[in-house]
Amino acid sequence: MSRRNVEDQARGAEEDLETVAELAVEATRWIARNCRPVNTVDDEGLREVIQIASGDTSYNLPSRRTIVSRIHNLYDSERARRMDMLENATNVALTGDHWTSVSNDNYLGVTAHFIDEEWSFRSFALTVSQTTERHFAEACADHFLEVAKYWNVENKLTTLGTDSARNMTAAARLLPFEHLPCTAHCVQRTVTVSLHDCGLDGILAKCRKIVGHFKHSPSNAQELGEQQVALGQKQEPLVQDVPTRWNSTLEMVRRILRNRLPLSTTLSQQNSKIAMLTSQELAKLEKVEELLEPCRNVTELLGGEQYISCSVVLPAFCHLFRVMEPSDDDPVYVVRFKKVFTTDLAKRKESTNLKWLKIATALDPRFKDLKCLPKDERHEVWTSISSLVKEERLAQQPSTETTGKQPTKKTRMSEFLLCSSDSDSDDEDSIDKCLKRYKSEPKINMDQCPLQWWSSREGAHVLMARIARKYLSTPATTVPCERLFSLSGHIVQKKRASLSPDNVNKLVCLSCWLNAKE
């Protein structure tokens with residue numbers, strides 16, 4: 001055999017090995033990203049598909065042991081990337097909540113949120129770790145501290161977002177950082193109380209019976225679908241509201257209102273004991289839809305992970321209070337709903353971290369005029385920001401006496417920016433000038449990004465930008481944790497209930513990380 005043939009064979013063998021290795025890597029990422037069971041690699045049909053696609057009939061998928069090993073390695077590499085991101089972050093906010101799996105195991109989910117040096121909002125999972133102790137306040141606080149220490153962010157934490165459960169609220173009081181209750185939980189709890197107190201429980205109970213009549217019987221659902229098609233409507237199932245699922249009551253009401261004619265026709269043909277809603281009850285449902293729509297909009301607005309939401313809380317509350325003002329045309333039950341809603345939401349608003357929310361609102365160029373606050377409270381907010389600017393300036397002043405080092409070129413540049421922008425002198429007038437310069441900037445529209453605004457003006461407002469990066473990074477809700485548990489439910493299933501806690505944590509975090517848009 002000639003030397004050239006030997007080299008060609010060797011080169012071909014190397015290419016085959018590279019292809020096999022690449023397929024193994026992609027198989028690992030696919031299993032981790034899409035929450036597939038590891039034993040998927042034992043599927044004979046999948047092996048045949050890969051063989052046809054690769055053109056190699058002798059190719060075999062990696063073994064389960066190989067995939068598990070690669071998943072652990074992939075987790076370590078992805079975690080190292082996020083550790084670097086957190087190390088470069090100046091401030092980090094957390095959200096946390098507990099979840100119970102189908103195997104009745106308790107897990108604590110924690111997510112991190114921060115604004116990086118490029119003024120991009122970052123959000124990803126830190127852990128979904130199993131907890132065995134009872135959820136007393138001390139145990140919950142210790143778990144959060146352990147997660148912070150494991151990720152080396154204990155000195156950077158600013159806020160912890162949780163629901164308003166008593167143990168979580170008590171745990172937050174034991175921690176050395178601020179607590180921000182979930183705003184969406186507050187709004188949805190207020191909706192539940194208002195619906196109960198305004199006398200609409202009977203109509204909603206009747207709606208649930210109608211939905212259950214069609215949800216629990218395939219034949220009834222089929223007849224309803226036929227009526228929808230016959231009447232030229234979209235064929236869609238009814239929705240049953242669930243107390244723990246936000247806005248499900250609104251969706252149930254909408255589906256019934258959209259399908260009132262098919263429902264009435266189907267029930268009359270079946271001679272069912274389930275009575276259709278009367279015209280008066282349907283009119284009340286239309287009012288309920290109008291009342292709940294603003295609450296849905298606020299919940300969805302505040303539940304985002306890829307944009308600023310903390311600074312929108314107080315303007316959103318202001319909007320809800322405004323739309324819930326009774327009018328002369330409102331029926332009695334609507335007036336009752338609005339009064340109960342505004343009273344209950346006002347109480348829940350006071351239990352939130354108002355000081356943090358006010359400062360975040362002022363640092364958002366969309367709402368810096370603070371029109372969502374009473375005039376007598378606006379001066380107090382700017383006084384607080386003035387104190388923060390003073391503290392930030394003192395903290396950022398370089399000191400060659402304490403370090404014993406000569407200032408570098410980068411340090412001298414920082415001094416120049418601080419002196420030329422936010423700190424003209426050491427007196428109080430310079431801080432007032434700093435605030436006046438920021439307040440004199442024109443507001444931006446609601447559809448514009450506040451982070452882009454700060455990115456383009458960071459040089460003119462150096463100290464204010466540092467404070468904005470800290471306060472605007474806090475999410476308004478615990479929705480990131482709720483999404484994390486939805487993802488966990490795809491992994492910890494009945495057929496995979498024996499997964500070890502370590503594998504659950506790594507699989508959930510990997511799926512979250514690999515599916516994130518970066």
Side-chain angles (χ1 to χ4, degrees), residues 16-51 53-54 56 59-87 96 99-103 105-112 122-132 143 146-147 149-153 305 480-481 483-518:
D16 292 341
L17 289 175
E18 291 178 358
T19 302
V20 170
E22 185 178 354
L23 285 172
V25 170
E26 290 304 318
T28 302
R29 295 180 67 88
W30 167 62
I31 288 174
R33 183 189 296 113
N34 296 313
C35 307
R36 295 292 186 266
V38 176
N39 61 5
T40 302
V41 295
D42 295 334
D43 194 320
E44 187 69 20
L46 177 62
R47 183 180 64 83
E48 293 176 357
V49 170
I50 296 296
Q51 288 178 349
S54 63
D56 184 3
Y59 174 75
N60 289 317
L61 287 167
S63 65
R64 280 186 287 178
R65 180 176 297 180
T66 301
I67 292 296
V68 170
S69 176
R70 287 182 176 274
I71 285 176
H72 285 268
N73 294 335
L74 181 60
Y75 172 84
D76 292 337
S77 63
E78 290 292 330
R79 177 179 174 273
R81 287 185 58 231
R82 279 149 185 83
M83 284 286 287
D84 292 338
M85 295 169 65
L86 291 173
E87 184 178 358
W99 171 70
T100 304
S101 68
V102 294
S103 55
D105 293 323
N106 291 320
Y107 287 88
L108 172 67
V110 181
T111 60
R122 299 293 184 183
S123 174
F124 52 80
L126 294 185
T127 185
V128 179
S129 53
Q130 187 181 25
T131 59
T132 56
H143 291 154
E146 289 173 3
V147 173
K149 185 176 181 180
Y150 179 74
W151 286 87
N152 198 25
V153 294
E305 288 186 68
C481 277
R483 294 194 178 106
L484 197 62
F485 294 148
S486 297
L487 176 61
S488 303
H490 294 300
I491 294 175
V492 187
Q493 303 174 358
K494 291 183 178 180
K495 292 184 178 181
R496 304 176 71 188
S498 60
L499 281 171
S500 68
D502 182 58
N503 285 335
V504 171
N505 177 43
K506 291 182 177 180
L507 289 172
V508 174
C509 290
L510 266 179
S511 182
C512 173
W513 297 342
L514 296 176
N515 284 294
K517 296 179 180 179
E518 297 184 3

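Worth knowing before you read on, the calculation uses all heavy atoms, side chains too, and leaves out hydrogens, waters and symmetry mates.
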When rounded to the nearest 0.5 Å, the distance separating CZ of Phe124 from CG of Leu484 is 12.5 Å
Rounded to the nearest 0.5 angstrom, the CG-SG distance for Leu507 and Cys512 is 13.0 Å
Scan for salt bridge (Lys or Arg N to Asp or Glu O under 4.0 Å) pairs involving residues 31-42, sequence neighbours excluded, and state none if there are none.
Asp42-Arg64
So how far is it from Thr127 OG1 to Asn505 CG, rounded to the nearest 0.5 Å?
4.0 Å
Counterpart residues, ring pair (Phe, Tyr, Trp, His ring centres under 6.0 Å), relative to Trp151 (two or more places apart):
none
What residues, two or more places apart in sequence or in another chain, satisfy side chain to side chain donor-acceptor pair (under 3.5 Å) together with Thr100?
Asn106
So which heavy atom on Leu514 is nearest to which on Ala32, and how close?
CD1-CB, 3.9 Å
Identify the heavy atoms of Pro501 and Tyr107 that sit nearest to each other, and give their distance.
CA-OH, 4.1 Å
I would like to know whether Asn152 and Leu86 meet side-chain contact (heavy atoms from CB on, under 4.5 Å); could you show each step before the answer?
CA-CA 8 Å; Asn152 198 25; Leu86 291 173; over 6 Å; no
Output every pair passing ring-ring contact (aromatic ring centres under 6.0 Å, His included) with a member in residues 66-87, not counting sequence neighbours, ordered by first then second residue.
Tyr75-Trp513
Donor-acceptor contact present, side-chain Gln493 to main-chain His490, <3.5 Å:
yes
What distance separates Gln130 CD from Asp105 CG, expressed to the nearest 0.5 Å?
4.5 Å
How many angstroms lie between atom CG of Leu74 and atom OG of Ser69, to the nearest 0.5 angstrom?
11.0 Å
For His143 versus Leu108, what's the shortest heavy-atom pair and its separation?
CB-CD2, 3.5 Å
Would you say that Lys495 contacts Pro37 through its side chain, given a criterion of any heavy-atom pair below 4.5 Å between the two side chains?
no
Any salt bridge linking Lys149 with Glu146? Criterion: basic side-chain nitrogen under 4.0 Å from a carboxylate oxygen.
no
Would you call Val110 and Tyr150 a side-chain contact if the rule is heavy atoms closer than 4.5 Å?
no
Donor-acceptor under 3.5 Å (Arg81 side chain, Ser77 main chain):
no
d(Arg79 CZ, Cys509 SG) to nearest 0.5 Å is 10.0 Å
Worked verdict on Ser511 versus Asn34 for side-chain contact (heavy atoms from CB on, under 4.5 Å):
CA-CA 7 Å; Ser511 182; Asn34 296 313; over 6 Å; no
So, using salt bridge (charged side-chain N to carboxylate O under 4.0 Å, His left out) as the criterion, who are the partners of Asp502 when residues are at least two apart?
Lys506
Ser63 meets the side-chain contact (heavy atoms from CB on, under 4.5 Å) criterion, sequence neighbours left out, with Arg65, Thr66
Do Asp43 and Thr40 get their side chains close enough for a donor-acceptor pair, meaning under 3.5 Å?
no
Answer yes or no: is there a donor N or O on one side and an acceptor on the other, between the side chain of Asn503 and the main chain of Leu499, under 3.5 Å?
no
Test item: Thr111 and Leu126 side chains (from C-beta on) under 4.5 Å apart, heavy atoms:
no
